[in-house]
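Have a look at the structure below, then the notes.
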2 protein chains.
Amino acid sequence: MSVTIKDVAKKAGVSPSTVSRVLSNHPRISRETSRRVKDIMEELGYHPNIMAKSLVSKTTESICVILPKPAEELFLNLFFMELIRGIVAQANRAGYDVLISSGGNEKEEVEAVSRLLHGRRVDGAILLYSRQDDPVVNFLKTHDYPFVLVGRSDSYPDILSVDTDNVQAAYDATRHLIAQGHERIGFVSGPPNLVVSKDRLEGYNRALSDCGIAMRKDWIVEGEFLQDSGYRAMSFFMNLPERPTALVIVDDIVSFGVLRGLHELGYKVPEDVSIISFNNISLTELSTPPLSSVDIGIYNLGYTASQALIQNIRHDGSSVLPNRYVIPHRLMIRESSMYSMPRSL
Amino acid sequence: MSVTIKDVAKKAGVSPSTVSRVLSNHPRISRETSRRVKDIMEELGYHPNIMAKSLVSKTTESICVILPKPAEELFLNLFFMELIRGIVAQANRAGYDVLISSGGNEKEEVEAVSRLLHGRRVDGAILLYSRQDDPVVNFLKTHDYPFVLVGRSDSYPDILSVDTDNVQAAYDATRHLIAQGHERIGFVSGPPNLVVSKDRLEGYNRALSDCGIAMRKDWIVEGEFLQDSGYRAMSFFMNLPERPTALVIVDDIVSFGVLRGLHELGYKVPEDVSIISFNNISLTELSTPPLSSVDIGIYNLGYTASQALIQNIRHDGSSVLPNRYVIPHRLMIRESSMYSMPRSL
DNA sequence: GTGAAAGCGCTAACAT
DNA sequence: ATGTTAGCGCTTTCAC
């Protein structure tokens with residue numbers, strides 16, 4: 001079979017415990033034996049059995065990330081992949097492995113998480129979404145397993161989470177449009193039950209209010225994270241007797257629909273309508289015209305989530321760790337909002 | 001600590017081995033004890049320790065997928081996520097966990113794979129790319145670990161792999177354009193060192209040749225998997241004294257660049273130039289006009305890779321398993337190629 | 001600074 | 001049909 005700690009010990013003329021100590025860089029081991037043992041390891045092609053180690057040490061040095069059920073929405077795929085990259089990069093750096101799991105439905109998800117955590121295959125979990133009353137979260141909380149939420153959930157305000165300040169992000173985006181001279185600004189939102197839609201809408205409202213611009217209900221339309229939503233929103237907006245001259249749009253993909261709708265209706269971006277949206281997926285720079293977007297640092301979100309989780313796993317409880325991380329966002333201004341409204345308005 | 005097999009055994013008044021047998025549905029266990037033991041498990045909240053099990057059974061029921069170093073190219077993110085979904089879905093169905101790993105460079109990649117396989121943390125690996133002389137492949141081959149390649153590599157013809165028949169796919173795409181009446185068909189290729197570029201170019205050539213259309217070197221341009229490539233290709237093509245009326249494009253993202261270039265130069269798609277590309281990423285239907293594309297079944301590619309790998313891991317060697325899986329592709333004809341050339345040409 | 005021994009939680013002969 | 005026993009490969013007291 002494969003070479004074990006005993007083989008190395010025998011060949012090196014030391015005891016298995018010594019080899020083990022060399023492995024973990026135990027302080028009280030002589031430079032010389034350490035050197036010799038390491039050479040033998042190399043020579044024999046020894047590799048520690050991770051399972052055996054983890055059986056006794058009761059730690060797996062792995063975390064899992066739970067993918068929500070099939071994300072139909074395209075942007076989610078880009079979003080998740082970017083997130084996963086960040087998670088994996090940081091985890092690997094910290095010596096942790098990342099296990100991906102997904103369930104067809106909530107029940108399966110809980111089963112998977114339960115098997116993984118209870119079965120001591122992973123030390124903690126990262127959740128990539130926030131639902132209202134999530135059985136997975138409940139499970140994790142009940143059993144006091146370390147976990148982190150990417151996103152924000154009103155149901156669980158005290159949970160370890162990393163998130164974007166969506167209120168502020170929307171505020172900034174709206175202020176940008178106002179700074180360009182716009183006063184008639186509409187908002188194309190996502191599903192109203194999603195925290196992210198709510199937050200962004202709030203930021204939009206605050207910006208208007210701070211600038212003394214009245215909010216107009218008919219300039220706010222709800223939809224989904226699909227381009228079709230944006231497309232339909234345009235036939236609605238552009239049929240209004242009073243039309244907005246600028247739009248804040250909840251997501252880049254929706255913007256693509258908006259762009260298409262506007263194009264078909266014969267309006268020019270940014271001259272007739274300026275737009276800015278969120279997430280800054282790589283396609284934004286490729287569209288015609290390139291789309292202004294709020295970069296929310298997705299990779300960073302994942303990286304930080306992983307870091308926070310691992311920190312919590314390793315934490316001995318002697319100090320108190322933060323339980324909310326806010327990843328900074330940044331406006332990426334491109335052509336779609338680079339147009340100053342004529343003063344005459 | 002947490003409840004073990006012994007606790008269950010004691011409470012149920014049986015031996016640990018009996019409990020173990022219940023766990024694995026051993027045939028020679030009485031209906032009655034099985035029932036009782038299972039109840040006790042439930043009652044005590046018992047969960048098998050996966051590490052302990054895997055230490056003795058010498059099987060981890062996990063596989064790992066190796067992400068190539070940072071994929072700058074956007075489409076790769078979509079591609080990988082879709083692939084991963086397929087892999088995870090099938091693996092979970094088969095009772096396997098999926099571990100994601102990535103390395104900053106080739107050396108790190110080998111180290112990661114080596115740690116995972118030698119350390120007995122996973123039973124096999126999925127590689128998502130094919131390089132010319134890949135140290136990871138060499139490692140895996142040398143040590144005879146089960147692994148599967150998504151893609152094709154000329155350097156390793158005998159390796160377990162799942163792939164698209166890119167020659168045929170390009171052949172079909174080209175024939176489609178020919179069927180629309182085109183005879184002046186150009187090809188926008190990707191990096192010439194990539195197998196996929198080579199294969200698609202070959203399919204294109206074969207289709208032309210089968211239809212008695214002469215291949216024209218100046219209508220073939222190489223680039224990268226970036227929209228910019230497509231964009232630049234257009235200024236080239238459209239300055240030619242004789243211009244193609246249709247284009248086969250190596251990837252959807254490149255097509256977006258082509259679309260943009262054509263638009264800026266004042267050409268209409270599909271009337272002036274018809275185009276079709278590959279991969280059918282979800283954005284193809286959203287572009288203006290919607291893009292014809294060859295769907296290569298990315299999810300299926302992942303699903304099959306996972307299936308093939310697990311089959312190989314479990315395989316006892318008594319029969320011979322296939323070592324190459326070809327995932328069927330399918331033309332998705334949309335507006336960008338829905339234009340029949342006037343007879344008068 | 002190093003060794004001996006016990007045991008992590010489980011499975012798998014070998015008994016009976 | 002079930003119990004007994006012996007490890008899987010490693011870490012970790014406790015000695016010296």
Side-chain angles (χ1 to χ4, degrees), chain A residues 1-38 40-41 44-62 95 114-123, chain B residues 1-38 40-41 44-62 95 114-123:
Chain A
M1 279 301 304
S2 94
V3 25
T4 80
I5 216 172
K6 282 187 189 167
D7 303 323
V8 177
K10 190 174 296 173
K11 180 124 186 180
V14 296
S15 78
S17 13
T18 301
V19 178
S20 171
R21 284 191 256 258
V22 169
L23 231 40
S24 49
N25 288 312
H26 192 104
R28 291 188 312 205
I29 213 84
S30 82
R31 277 227 150 290
E32 212 252 309
T33 27
S34 172
R35 198 50 275 137
R36 201 171 74 253
V37 169
K38 277 178 179 158
I40 308 257
M41 284 179 178
L44 260 39
Y46 168 79
H47 287 267
N49 182 314
I50 308 179
M51 297 299 182
K53 173 187 162 100
S54 118
L55 178 57
V56 24
S57 70
K58 284 173 172 357
T59 155
T60 65
E61 320 262 277
S62 333
S114 145
R115 196 178 51 80
L116 258 20
L117 273 305
H118 273 149
R120 301 259 181 288
R121 194 195 208 68
V122 301
D123 298 336
Chain B
M1 278 305 301
S2 96
V3 25
T4 79
I5 216 173
K6 281 187 189 169
D7 303 322
V8 177
K10 191 174 295 174
K11 180 123 185 181
V14 297
S15 79
S17 16
T18 301
V19 179
S20 171
R21 285 192 257 259
V22 170
L23 233 40
S24 48
N25 289 313
H26 192 104
R28 291 187 312 205
I29 213 84
S30 84
R31 276 227 150 290
E32 213 251 311
T33 26
S34 173
R35 197 51 277 135
R36 202 171 75 254
V37 169
K38 276 180 179 156
I40 308 257
M41 283 179 179
L44 261 37
Y46 168 78
H47 287 266
N49 183 313
I50 308 179
M51 298 301 183
K53 175 187 160 96
S54 116
L55 178 57
V56 26
S57 70
K58 282 169 174 358
T59 153
T60 65
E61 318 261 277
S62 331
S114 144
R115 197 178 51 80
L116 258 20
L117 272 304
H118 273 150
R120 300 262 181 287
R121 193 193 209 67
V122 301
D123 299 336

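Reminder, nothing fancy here: chain letters follow the sequence lines and each chain counts from 1. No experiment lies behind these values; they were computed from the predicted model shown.
- Checked against side-chain hydrogen bond (donor to acceptor under 3.5 Å, both in side chains), A:Asp123 has the following partners two or more places apart in sequence or in another chain: A:Thr59, A:Thr60.
- If you check residues 25-36 of chain B against DNA chain D, the residues with a heavy atom closer than 4.0 Å are B:Arg28, B:Ile29, B:Ser30, B:Thr33, listed by number.
- Atom CZ of A:Arg35 and atom CD of A:Glu32 lie 10.5 Å apart (nearest 0.5 Å).
- Computed from coordinates, the B:Lys58 NZ to D:dC10 P distance equals 10 Å when rounded to whole Å.
- Regarding B:Arg21, its CZ atom lies at a distance of 12 Å from the C1' atom of C:dT16, rounded to whole Å.
- From A:Asn49, atom CG reaches atom CG of B:Leu55 across 6.0 Å, with rounding to the nearest 0.5 Å.
- Between B:Asn49 atom CG and C:dG7 atom P there is a gap of 18 Å when expressed in whole angstrom units.
- D:dT4 atom P lies 13 Å from atom NZ of B:Lys6, rounded to whole Å.
- For B:Arg36, there are no side-chain hydrogen bond (donor to acceptor under 3.5 Å, both in side chains) partners, not counting sequence neighbours.
- Distance, A:Met41 CE to D:dG9 C1': 13 Å, rounded to whole Å.
- Looking at residues two or more places apart in sequence or on another chain, you find no side-chain hydrogen bond (donor to acceptor under 3.5 Å, both in side chains) involving A:Ser54.
- Under the salt bridge (charged side-chain N to carboxylate O under 4.0 Å, His left out) criterion, A:Lys11 pairs with A:Glu43, sequence neighbours left out.
- Where the helix from C:dG1-D:dC16 to C:dT16-D:dA1 starts and where it ends, the local axes point in directions that differ by 30°; five pairs per end, rounded to 10°.
- Taking atom NZ on B:Lys53 and atom C1' on D:dG7, their separation rounds to 17 Å, with Å as the unit.
- Against DNA chain D, the stretch residues 8-20 of chain A makes heavy-atom approaches under 4.0 Å through A:Ser17, A:Ser20.
- Listed by first and then second residue, the side chain to side chain donor-acceptor pair (under 3.5 Å) pairs that reach into residues 19-31 of chain B are B:Ser30-B:Thr33, sequence neighbours excluded.
- Take B:His47 and apply the ring-ring contact (aromatic ring centres under 6.0 Å, His included) test, not counting sequence neighbours, and it matches A:His118.
- For B:His118 and D:dC10, the NE2 to P distance is 13 Å, given to the nearest whole Å.
- If you measure from atom CE of A:Met51 to atom C1' of C:dC8, you get 15 Å, rounded to the nearest angstrom.
- For the side-chain hydrogen bond (donor to acceptor under 3.5 Å, both in side chains) test, residues two or more places apart in sequence or in another chain that qualify with B:Ser17 are B:Ser15.
- Annotation: side-chain contact (heavy atoms from CB on, under 4.5 Å) contacts of A:Leu116 (sequence neighbours excluded): A:Cys64, A:Leu99, A:Ser101, A:Arg121, A:Val122, B:Asp97.
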Mind running side-chain contact (heavy atoms from CB on, under 4.5 Å) on B:Lys53 and B:Leu23 for me, showing each step along the way?
-> CA-CA 11 Å; B:Lys53 175 187 160 96; B:Leu23 233 40; over 6 Å; no

